[in-house]
4 protein chains.
Amino acid sequence: MSPARETIGIGMVGHAFMGAVHSHAWRSVHRFFDPPLVPRLAVLAGRDETRAHDAAAKFGWEAVETDWRKLIARDDVDLVDICTPGDSHAEIAIAALEAGKHVLCEKPLANSVAEAEAMAEAARRARDRGVRAMVAFNYRRVPALAHARNLVAGGALGEIRHVRSVYLQDWLSDPQSPMTWRLRRESAGSGALGDLGAHIVDAAQFVTGERLTGVSALTNTFVHERPSENGGTDAVTVDDTALFLARLSGGAVASFEATRFALGRKNAMRLEVNGSKASLAFDFESMNELQWYEGEGTEAGFRRILVTEPQHPYVGVWWPPGHLLGYEHTFTHEVADLLDAIGAGTDPEPGFDAGLRVQRVLHAVEESASTQSAWVAIED
Amino acid sequence: MSPARETIGIGMVGHAFMGAVHSHAWRSVHRFFDPPLVPRLAVLAGRDETRAHDAAAKFGWEAVETDWRKLIARDDVDLVDICTPGDSHAEIAIAALEAGKHVLCEKPLANSVAEAEAMAEAARRARDRGVRAMVAFNYRRVPALAHARNLVAGGALGEIRHVRSVYLQDWLSDPQSPMTWRLRRESAGSGALGDLGAHIVDAAQFVTGERLTGVSALTNTFVHERPSENGGTDAVTVDDTALFLARLSGGAVASFEATRFALGRKNAMRLEVNGSKASLAFDFESMNELQWYEGEGTEAGFRRILVTEPQHPYVGVWWPPGHLLGYEHTFTHEVADLLDAIGAGTDPEPGFDAGLRVQRVLHAVEESASTQSAWVAIED
Amino acid sequence: MSPARETIGIGMVGHAFMGAVHSHAWRSVHRFFDPPLVPRLAVLAGRDETRAHDAAAKFGWEAVETDWRKLIARDDVDLVDICTPGDSHAEIAIAALEAGKHVLCEKPLANSVAEAEAMAEAARRARDRGVRAMVAFNYRRVPALAHARNLVAGGALGEIRHVRSVYLQDWLSDPQSPMTWRLRRESAGSGALGDLGAHIVDAAQFVTGERLTGVSALTNTFVHERPSENGGTDAVTVDDTALFLARLSGGAVASFEATRFALGRKNAMRLEVNGSKASLAFDFESMNELQWYEGEGTEAGFRRILVTEPQHPYVGVWWPPGHLLGYEHTFTHEVADLLDAIGAGTDPEPGFDAGLRVQRVLHAVEESASTQSAWVAIED
Amino acid sequence: MSPARETIGIGMVGHAFMGAVHSHAWRSVHRFFDPPLVPRLAVLAGRDETRAHDAAAKFGWEAVETDWRKLIARDDVDLVDICTPGDSHAEIAIAALEAGKHVLCEKPLANSVAEAEAMAEAARRARDRGVRAMVAFNYRRVPALAHARNLVAGGALGEIRHVRSVYLQDWLSDPQSPMTWRLRRESAGSGALGDLGAHIVDAAQFVTGERLTGVSALTNTFVHERPSENGGTDAVTVDDTALFLARLSGGAVASFEATRFALGRKNAMRLEVNGSKASLAFDFESMNELQWYEGEGTEAGFRRILVTEPQHPYVGVWWPPGHLLGYEHTFTHEVADLLDAIGAGTDPEPGFDAGLRVQRVLHAVEESASTQSAWVAIED
């Protein structure tokens, strides 16, 4: 680590689950990678001052603000990391970009296409001033999925025919599981669709390098009332599950399912792609593995690649082969890539345009689901 | 085996792949089970006399006919086993039933709903005369799926929320794979849909005990021309893949996919059901296993049940635990159940009504696929 | 099937579990393979006349003898199939061979090295008169293991460094599981060692093409008294488990374990071989699969070969890819190979010499276990 | 995090692979756990000043020493973390303990029983002065293995009959892989035995709560000369693989294998335990999973427990269910436990006595291997 390396001041808005894992990434990235800028955990913003101070002490932030506008305004903040629910993304991100601060925004980008379009527009304007914006589809930074994307991009799969992807969780399976902001349309935008479906739509588009051009969908809410945080019950106003069929720009057909009711599946974010020359499959519950099939004859078979070799994406800075990485590494990889892009003066991927593209798919899913599964085309 | 046990004369129409495995079932069933009637492999019918004679000698049939009508007419034939392509099922089955012969008919029951309705009507008339009809959805006789059905029927899953089922093969993945009758609409009715989709629709309805009440679908043909059997190329006139979303009569949502282009998947007929109390999963490529999840807490996890215990359905007559059964056993189990029903004077399951129910789903899939994935309701 | 094909009269001694599966093989072999001789299920021998008659009727045998000597003496018996416990193998096999009858003998070949030597000597004498002897190590006929052997023989693994093999069952785990002949030294010779260990020793020698040159062993009996068949308890006089380390003639090191106390493992006969160029692994609980690793770089990984392709050993006569075979197929393959050898006038594999070789290993294991695990060399 | 929390100054000796992962643990532990003492990364010691400075900057250490004696002598060092090869463990650890510094020492504890005894003796003396010593068998801190230990300790397995454990790697499979200190007896003590075998011996004793009472062993060196770091070749003077059979104090039998030549196995540290009531199995290549079998009847089967629930050991401070942990978490858990013990004034586990116990097993293995696999008893 050269002493001359510059630092970059980070301001993080929100400090729940995402705040914890983002903090770890900012603290750790330069201990393994060699980013051109070393993050300083400058300011954490949270509405409740006591809780914000506790979080800052726990996670290692130097200062606290209770108003995100003040955080943006500070001179010691060069990059704003947005870890709040989706209903505040647009306002914070646009304000930050306009103030000349780089932005990392949690997914889904926004709660509506209109918000996402405004954010993408703000990002385009900011880009001209050298200000960068990234949406945190961290699953692109799973080494197995990054390697999958490289295999597809190198032509190893040939023509892509099939994509099938599910994101299965079960934490709402119990009807007595209590109400949260994730189950209210006004805060979360949608349910399993935006929370889980956004990930698999982005992952499918990322790995294949193609776009979804249309969908037919259905959504369902299995449990309509849940115990309120304050006693009594509250109405669930989002989907519990969303299923959709799709076509891809290259001619493939695809199916997607997002649910929090698949009892026994804890975090089964799965993606399978069948091409004319090879196939690949992934399951986040075994996130260090990529299933890979190519060739023919008597030794053909799906092979379990342990994506832990030094030549695999991101892996070289970590441990020897067979020593697994975990969930949080995806965030460390994400901020490493973001810092590289900022340092190089290039746009990070996925930018807000990619986030908007996912938002349009989510919107089409809801539109199809509300019109008897009628096909809804998705503009580019 | 009591010497007094009666025999039942079998006449089999068709002697390709299905004829080989049906013959094995008829030859073997009483060597393991104790059916009330012992099958005699009386007559095999095939249009080409030489090939029919060769098949009869190889498979162990006593006599040969080149016209299925003559086979039906013979006194030594009590049961007609139809192993021909779907376009001849209705004619043969109805003639046999009207002649007072029991019928076992390969799936899908027919190539159209109209044919299937006529067959179901013929079966209802025949039933009044003690004549039985069964459609050969042999996957119901996989011990793991039969056990799954028992678990659901016993209430172990609670309320069913999700069904996801795929049937993945890859033998058409190569565009140079030659034309066959299975790729012509006039002989096969449909492509992957009728061949593979029929199995998973029946399996889903069998295991859950519920019906599909509507679908939204898309189909695709990846390769439109293939090398003809006679040189040149021929047009593929069926689907290469069919994907559909569905709702079940009990409130669950479901997704289905049938394809012969999933490179690397050889016979992945898979079914997963998530209930409020338990979940199960099955893959025909590991057909002796049932994945099972129930309970909660620190020891909950999907368990791999080796469905080879003597208490499991059908298994008691075979080998010790851990000694696997294969594909052909499903047919032996099927004819064991059919002979039991005939002996007991009851209707075998699945009867032609169940076959018709599947046919209506296949029809709805095609209708939805031809109308931009619009929702198509399925009558009971 | 040419009408001119000759038949071969089979006489089977014993009609328990092994009798059932051997009968199925004799009945079925020519329905799938094209053996030069078609088996006739001529005579079944069993000491209890009623039970022998019932078994003959059930399994499809034409006649019954209560004395195996009479079975051997019959003109309609050309081949004697020995399915009795190990204590009678030597006497029956030697008598049959001396009477000019081919012999198929269940494993382990005998209960002692002395018996096995006498049998191998009798087989060598018989061979000069065109009479053939085979020991029924049926696991050599699992397509996955036959394919593994071909891969090794073709040099695909390079230098072999490691063999590890276990055969795990759990049916004696419960101390209340009753006494059987398999737990008495005088009838079974040994316990898990001869019943299960014999299989993995033969499989390891078969797949690698090498011999075990020495062993260090320990054995254990966990439950010393079990409920007798007649009330009271009886002493278990064999090992419940045997573990041994070994060296192979080519320089590899190896470990073996046989047990009936591995709770949850039903029939886990496993073999892994690591070479300098490739590795393979097998588990009989997934008997249609071979795990295979070769190559290096970013796509290397153990691949799951579904050994169900037509080019795989034995598979071509059966079903399409992905349609599994079961336990009994190994016996059908075994008798197909035996009939081919008899027809061709060559020695079948594995012959009694191979059985003797295994017997010497079993003996060395017992000797080492009784001398504080001291190394015991094994002569060729 | 209370501002009043005390800090503890860490001095780390060595800064290679182990140094990197230990540094991460010291930096991160209080960001997730609530240890009574917050580590300060005070001093890093390395012989090469430039490289030590680079490592300190990279890993986040405040100061550097080139002599470990000076590190021990510093007032700002309260705990010495020994990450050097085994030949220096005894000298450093004993000096640190005598200087009143707590010690965390990498495994294996030492290169000989004599050294280990001296270290254990030093630890006992230090304990009386409130100074703590721990040996870094980090695999005890894999949540799945910690949970396994709890299950055994709670009696869930009943009587333990079988333990089988292997630690398989393949990084030496290529004979051209170059010489390292790990292949020289004088620096490493032994080869696969001490590096990998030490882990599985400790894990087996930890999970079962029993001791190995004797072993029969063989070792082998496959490649005797390797390319030297300086050109030419050097002699490999350690084992490439060690296999041993063992008995446990509770009556179980066991087998162990450690190798770096199992081509395709990257870090397969596996442990299976079969009891009279339940069985468990673990594979470090799927380190977030525990295989668990209990019960009987038609739903019994090995279940794959994803050990990522908040109630599982160590997991509660991390991510939601199904979000995996990786290799480095085991070190974070280790130092969390060590800090807890220091804060509470109790002895951490595993202490140097546990390290000595493993050392005695390693010694017995080498003695048996050098005396024709003769049984060698192990004193307590």
Side-chain angles (χ1 to χ4, degrees), chain B residues 142-158 162 207 272-275 277-283 286-325, chain D residues 142-158 162 207 272-275 277-283 286-325:
Chain B
V142 176
L145 285 177
H147 187 54
R149 197 283 168 277
N150 291 346
L151 287 165
V152 174
L157 272 83
H162 284 288
V207 168
E272 176 162 339
V273 183
N274 305 128
K277 292 163 58 183
S279 288
L280 59 85
F282 172 80
D283 183 346
S286 301
M287 65 171 274
N288 292 269
E289 301 175 21
L290 183 67
Q291 301 290 326
W292 176 247
Y293 181 96
E294 66 177 340
E296 48 186 29
T298 51
E299 278 77 66
F302 270 91
R303 64 185 79 173
R304 169 184 175 257
I305 304 172
L306 264 181
V307 189
T308 57
E309 297 293 314
Q311 310 92 316
H312 286 133
Y314 305 108
V315 176
V317 306
W318 299 103
W319 319 118
H323 294 66
L324 305 192
L325 302 188
Chain D
V142 176
L145 285 178
H147 187 52
R149 197 282 167 279
N150 291 346
L151 286 165
V152 174
L157 273 83
H162 284 289
V207 168
E272 176 161 340
V273 183
N274 304 129
K277 292 163 58 182
S279 288
L280 59 84
F282 171 81
D283 182 346
S286 301
M287 65 171 273
N288 292 268
E289 302 175 19
L290 183 68
Q291 302 290 325
W292 176 247
Y293 182 96
E294 65 177 340
E296 49 186 29
T298 51
E299 278 77 68
F302 270 91
R303 64 186 78 174
R304 168 186 177 257
I305 305 172
L306 263 180
V307 188
T308 58
E309 297 294 314
Q311 309 92 317
H312 285 133
Y314 305 108
V315 177
V317 305
W318 299 104
W319 318 119
H323 294 67
L324 304 192
L325 302 188

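Atoms considered below: every heavy atom in the structure, side chains included; atoms not considered: hydrogens, waters and symmetry mates. Here is how names work: the chains are called A, B, and so on, in the same order as the sequence lines, proteins then strands, and each is numbered from 1.
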ask   = Under a 4.5 Å heavy-atom cut-off, does chain D meet the side chain of B:Leu151, its backbone, both or neither?
value = side chain
key: The single option from D:Glu299, D:Gln291, D:Arg304, D:Glu294 passing side-chain contact (heavy atoms from CB on, under 4.5 Å) against B:Arg303   = D:Glu299
request  = Might you point out which heavy atoms bring D:His147 and B:Thr298 nearest each other, and give the distance in Å?
outcome  = NE2-O, 3.3 Å
